[in-house]
Novice: 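Following this message is one structure expressed as structure tokens.
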There are 2 protein chains.
Amino acid sequence: MVATIKDVARLANVAPSTVSRVIANNPRISEKTKERVREAMTELGYHPNFIARSLANQSTQAIGIVIPGSADKAFLNPFFPEVIRGISKGAHQKHYALHMSTGETDAEIMEGVVQMVEGKRVDGIVLLYSQVDDKLTKYLLLKNFPFVIVGKPFKDVELITHVDNDNYRAAKEVTEHLIELGHERVAFIGGNLKLVVTVERLLGYEKAIRNAGLEYRDDYIVHAQFLKEGGQAAVQELFKLNEPPTALVVADDLMALGVLNMLDDMGINVPNDVSVVSFNNVMLSEVSRPPLTTVDINIFQLGYEAAKHVIQLVEDPLDPIKRIIIPHKLMKRQSCIEYHSKKKLHQE
Amino acid sequence: MVATIKDVARLANVAPSTVSRVIANNPRISEKTKERVREAMTELGYHPNFIARSLANQSTQAIGIVIPGSADKAFLNPFFPEVIRGISKGAHQKHYALHMSTGETDAEIMEGVVQMVEGKRVDGIVLLYSQVDDKLTKYLLLKNFPFVIVGKPFKDVELITHVDNDNYRAAKEVTEHLIELGHERVAFIGGNLKLVVTVERLLGYEKAIRNAGLEYRDDYIVHAQFLKEGGQAAVQELFKLNEPPTALVVADDLMALGVLNMLDDMGINVPNDVSVVSFNNVMLSEVSRPPLTTVDINIFQLGYEAAKHVIQLVEDPLDPIKRIIIPHKLMKRQSCIEYHSKKKLHQE
DNA sequence: TTGAAAGCGCTAACAC
DNA sequence: GTGTTAGCGCTTTCAA
């Protein structure tokens, strides 16, 4: 049998409550008894039972991570491990552990969150995505449970602490970059339109197009899933058009990789025939052929700040709602080139 | 206040234990009372408190994941997210959640594991690596705590359920492949020599070299960390030699990427000047320039089986110790080429 | 400065 | 079938 607080108390000739106070390093216990109790602890190889403590305490020192559509899909996109790296770092600094449920469908994920919250398994939650009209957000808000969103909340922006990039501006900037390079037929390949990030990037793209006085064409907007295969499907649609685009804004590096593959299969050269820019700057984007010009959104930082702020929220429920914007940066690489009507000139 | 089992009991006019039995769907409760209790539950919006249940139950329905040297480093290598994908899938099928501690140093990681085990925060543990002379393994074994290792235990192989590849054979095969292509100066770039996987791969390499009657040269063996930078450092050493190798066996795709980079910087062409094979077949290896010939070790499956088997162990402590070997497969891509003394001929 | 005792919310004997 | 009751191991008033 494993030693409990009672065993320690008995051995040290004190009450269990005293042992508890020693664990918490309560200053009102004399150094002498502290010493005696500590000796008893090591003698018995005592370690506190976290679960029991959690029950008495109503706190778990763990934060929950919620991933869209099941870890076993999402982890295919390097974005997620990278945010989790950041979260892990932030949680570590405050001595928090990480907890993930493993639901696959939306219903199961919801179920998992309810279990985390209602079952008191975690003290706070980081939502790794923001969906339009999200039930989860609504639930968490209703329960008044500490949580932060990585991304921009669809609504109630002023009620939810969130860590985000300025995706609108970032998308606008990359599109402008393409336009400055002389491109006039710029298409947008986005991910799931239910994700707020997709919407933001699309809006930024649109703004840049309109600002430049270019035509905003519906058939230049394609949506697919945030995976390699998504990118491939999108390209096929776009290059069936009479006037195919000369540049592509792709909402995610992994999709861009699919785009690159498909373009290659179709014998279309990047960057000579078509320029490509994308988002995230995951390791792949540096390695791809050609290396992708992409927006570094500082994924790690996104996770790190999210963790820090849920914990703040947990430890002080009155902590004000915050909006943290992580800076982005365009990483120019070899997937973009100047476009002069029918001629291709020097690289950027 | 949140509803407890007592509230439900009161409203349904039954004893708390009856409610508990309804939750567990105990067959000895009449359908009628079950119905009544369930109504009371929904009316009160009742959800069981997992922590309280865990305490009474001595079970958490969660399995712990232990990563070498902190998540925030390890996750840089795509191996880890990929195993976790598998674990997540396996855990999900049995309705288990995942728990990770966030230690950074060895001591902190040990501390985290002790907290998981002693604090009863998880029912079982998956160790995502196997180190020579590992304290963690020793501890877990001593505590008789359910755990499985992804990899080959350094010792006590017959006492520890583990999920592994036949890394020895895999390394032997890829080295033989290189030798068949005509290479006679084949070097080995390994990772941390404390990791059993490194040792196994090195031994397989050695065996192939000796079998072929080639000279086994110490200066052809270099070790670095399992990251991109590791690969780069290794190359610099190797190509300072008088007789630099014409082929490289690299113990990890990510390192291989670093190798590729560095070789490129040095103006050494792959595969024309030197052939490269590596291990893991992570997504990067397909995308790199040139695409890497690598051993697919089926990372996802490794994780999936590991999860399935810890859970089995948790649910039946008498479940026999097992050794699960996941098959591997050489993925031939464009980083290898035939070598004929001073000439290079057609590709493989 | 320390102890006694109640309680966190649930489960599992043991009764009936 | 269902209720009673004693824990699970800890924290936290309240008293002394």
Side-chain angles (χ1 to χ4, degrees), chain A residues 1-41 44-62 114-123, chain B residues 1-41 44-62 114-123:
Chain A
M1 238 5 253
V2 158
T4 75
I5 212 171
K6 282 187 187 167
D7 302 320
V8 177
R10 209 171 303 133
L11 183 61
N13 248 308
V14 295
S17 48
T18 303
V19 178
S20 173
R21 288 190 262 255
V22 174
I23 295 172
N25 202 12
N26 187 320
R28 304 207 305 221
I29 300 291
S30 72
E31 277 309 319
K32 249 173 116 175
T33 34
K34 275 192 186 170
E35 211 31 67
R36 200 146 40 88
V37 169
R38 291 208 179 103
E39 271 171 24
M41 293 208 260
L44 295 174
Y46 171 79
H47 283 274
N49 181 320
F50 228 92
I51 294 290
R53 173 187 294 202
S54 294
L55 183 58
N57 245 355
Q58 310 280 48
S59 103
T60 60
Q61 292 275 94
V114 171
Q115 274 199 12
M116 282 192 202
V117 172
E118 226 88 35
K120 307 260 162 39
R121 294 187 90 163
V122 299
D123 295 339
Chain B
M1 234 8 250
V2 157
T4 76
I5 212 172
K6 281 186 188 167
D7 302 320
V8 177
R10 208 171 304 130
L11 183 61
N13 248 308
V14 295
S17 49
T18 302
V19 178
S20 173
R21 287 190 263 255
V22 173
I23 295 171
N25 202 10
N26 187 319
R28 302 206 307 222
I29 301 290
S30 72
E31 276 311 318
K32 249 173 116 175
T33 37
K34 274 192 188 170
E35 210 33 64
R36 200 145 40 89
V37 169
R38 291 208 179 103
E39 269 172 26
M41 294 210 259
L44 294 175
Y46 170 79
H47 283 274
N49 181 321
F50 229 93
I51 295 289
R53 173 190 295 202
S54 294
L55 182 58
N57 243 357
Q58 310 279 48
S59 103
T60 60
Q61 292 275 93
V114 170
Q115 273 201 13
M116 282 192 203
V117 172
E118 226 89 34
K120 305 261 163 39
R121 292 186 93 163
V122 299
D123 295 339

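Chain A is the first sequence line, chain B the second, and so forth, proteins listed ahead of strands; every chain is numbered from 1.
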Novice: Is there a side-chain hydrogen bond (donor to acceptor under 3.5 Å, both in side chains) between A:Asn25 and A:Lys34 once you walk through the steps?
Specialist: CA-CA 8 Å; A:Asn25 202 12; A:Lys34 275 192 186 170; 2.9 Å; yes

Novice: Output yes when a side-chain donor or acceptor of A:Arg53 lies under 3.5 Å from a complementary backbone atom of B:Gly119, and no otherwise.
Specialist: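 Pair absent, no side-chain N/O of A:Arg53 close to backbone of B:Gly119.
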
Novice: Compute the bend angle of the helix from C:dT1-D:dA16 to C:dC16-D:dG1 from the end axes (five pairs per end), rounded to 10°.
Specialist: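 Answer for the end axes of this duplex: 30°.
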
Novice: Please tabulate the protein-to-nucleotide N/O contacts below 3.5 Å involving nucleotides 9-13 of chain C, giving atom names and distances.
Specialist:
| unit_1 | atom_1 | unit_2 | atom_2 | d |
| --- | --- | --- | --- | --- |
| C:dG9 | N2 | B:Ala52 | O | 3.4 |
| C:dC10 | OP1 | B:Tyr46 | OH | 2.5 |
| C:dC10 | OP1 | B:Asn49 | N | 3.0 |
| C:dC10 | OP2 | B:Ile5 | N | 2.4 |
| C:dT11 | OP1 | B:Arg53 | NE | 3.1 |
| C:dT11 | OP2 | B:Ser20 | OG | 2.6 |
| C:dA12 | OP1 | B:Asn57 | OD1 | 3.4 |

Novice: Just how far, in rounded Å, is C1' of D:dA15 from CZ of A:Arg28?
Specialist: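 Rounded to the whole Å, the gap is 12 Å.
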
Novice: Which heavy atom in B:Gln58 sits nearest to a heavy atom in B:Lys120, and how many Å separate them?
Specialist: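 Here B:Gln58 and B:Lys120 meet closest at OE1-CD, 4.4 Å.
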
Novice: What heavy-atom pair brings B:Leu55 and A:Leu55 nearest, and what distance separates the two atoms?
Specialist: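 Taking B:Leu55 first and A:Leu55 second, the nearest heavy atoms are CD2-CD2, 3.4 Å.
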
Novice: Which heavy-atom pair separates B:Ala12 from B:Ala40 by the least distance, and what is that distance?
Specialist: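 Shortest heavy-atom separation between B:Ala12 and B:Ala40 comes out as CB-CB, 3.9 Å.
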
Novice: Write down the atom of A:Tyr46, the atom of A:Ile5, and the distance for their closest heavy-atom approach.
Specialist: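 The answer is CE1-N, 3.6 Å.
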
Novice: With side-chain contact (heavy atoms from CB on, under 4.5 Å) as the criterion, how do B:Thr18 and B:Ile29 come out once you've worked through the C-alpha distance, each side chain's angles and the decisive distance to 0.1 Å?
Specialist: CA-CA 8 Å; B:Thr18 302; B:Ile29 301 290; 4.0 Å; yes

Novice: Which part of the nucleic acid, if any, lies within contact of B:Thr33, taking any heavy atom under 4.0 Å across all strands shown: a base, the sugar-phosphate backbone alone, or nothing?
Specialist: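 Answer is sugar-phosphate: B:Thr33 comes under 4.0 Å of backbone atoms only.
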
Novice: Nearest-Å distance, CG (B:Asn13) to P (D:dG3)?
Specialist: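 One finds 9 Å between P of D:dG3 and CG of B:Asn13, rounded.
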
Novice: Between B:Val2 and B:His47, does a side-chain contact (heavy atoms from CB on, under 4.5 Å) hold up when you go through it step by step?
Specialist: CA-CA 9 Å; B:Val2 157; B:His47 283 274; over 6 Å; no

Novice: Report which part of the nucleic acid A:Asp7 touches: base, sugar-phosphate, or nothing (heavy-atom distance under 4.0 Å, all strands).
Specialist: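 Nothing: the residue A:Asp7, judged by heavy atoms under 4.0 Å, touches no strand.
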
